[in-house]
Amino acid sequence: MTENTDIQKDAPAAEASVAAPANWHTWMAAVAAVLAIAAWVVLCFNGYAALGVGLCAFVAACLGLHAHTRPWRNLATTAMIASGVVLVVLAAFLVVIFWGLNSI
């Protein structure tokens with residue numbers, strides 16, 4: 001009899017350790033991380049393509065912020081910061097260098 005009560009006490013603890021199933025927000029966080037890295041790699045070759053990939057990474061990271069677990073939300077936040085830096089730096093460069101100096 002005592003063995004059954006021990007099993008019943010341990011059963012909720014075992015169920016609590018099961019990870020939540022991945023939903024599409026989780027996948028968006030992962031896609032955002034890959035796209036943010038790709039934006040930095042593409043930056044070496046083409047700035048306009050890096051802007052496009054960075055924008056896609058930023059949107060995917062915004063969608064990934066609704067993931068169910070904290071590590072995936074942290075990954076989405078990191079991807080958002082990384083892609084945001086690419087967007088801000090390239091946009092500032094394009095505005096100041098091309099439009100600013102061409103107007104002189």
Distance-only donor-acceptor hits, side chain of residues 39-57, under 3.5 Å, sequence neighbours excluded:
residue	atom	partner	partner atom	Å
Trp40	NE1	Ala82	O	3.3
Asn46	OD1	Tyr48	N	3.2

Next item on the list: Verify the cluster assignment for Val88 and Phe93: are they in a single hydrophobic cluster under the rule of side-chain heavy atoms below 4.5 Å apart?
Entry: no
Checklist line | Sequence-distant partners of Thr77, side-chain contact (heavy atoms from CB on, under 4.5 Å), two or more places apart | finding: Leu65, Ile81
Notebook entry, point to check: With clusters built from Ile, Leu, Val, Met, Phe, Trp and Tyr whose side-chain heavy atoms come within less than 4.5 Å, directly or transitively, what are the remaining members of the cluster of Val34, listed by chain and number?
Noted result: none
Margin query: Connecting only ILVMFWY residues whose side-chain heavy atoms lie within less than 4.5 Å of each other, what is the rest of Trp27's hydrophobic cluster?
Written below: none
Check: Do Val59 and Met80 share a hydrophobic cluster, counting only Ile, Leu, Val, Met, Phe, Trp and Tyr and linking them when any side-chain heavy atoms are less than 4.5 Å apart?
Finding: no
Margin query: Using modelled atom types and a 3.5 Å cut-off, is there a donor and acceptor pairing between side-chain atoms of Arg73 and backbone atoms of His66?
Written below: no
Next item on the list: List, by chain and number, the other hydrophobic cluster members for Leu75, where Ile, Leu, Val, Met, Phe, Trp and Tyr join if side-chain heavy atoms come within less than 4.5 Å, directly or indirectly.
Entry: Trp72
Note to self: Other members of the hydrophobic cluster containing Leu63, with the 4.5 Å side-chain heavy-atom rule, please.
What the structure shows: Trp24, Met28
Checklist line | Heavy-atom closest pair, residues Ala76 and Ala61 | finding: O-CB, 3.4 Å
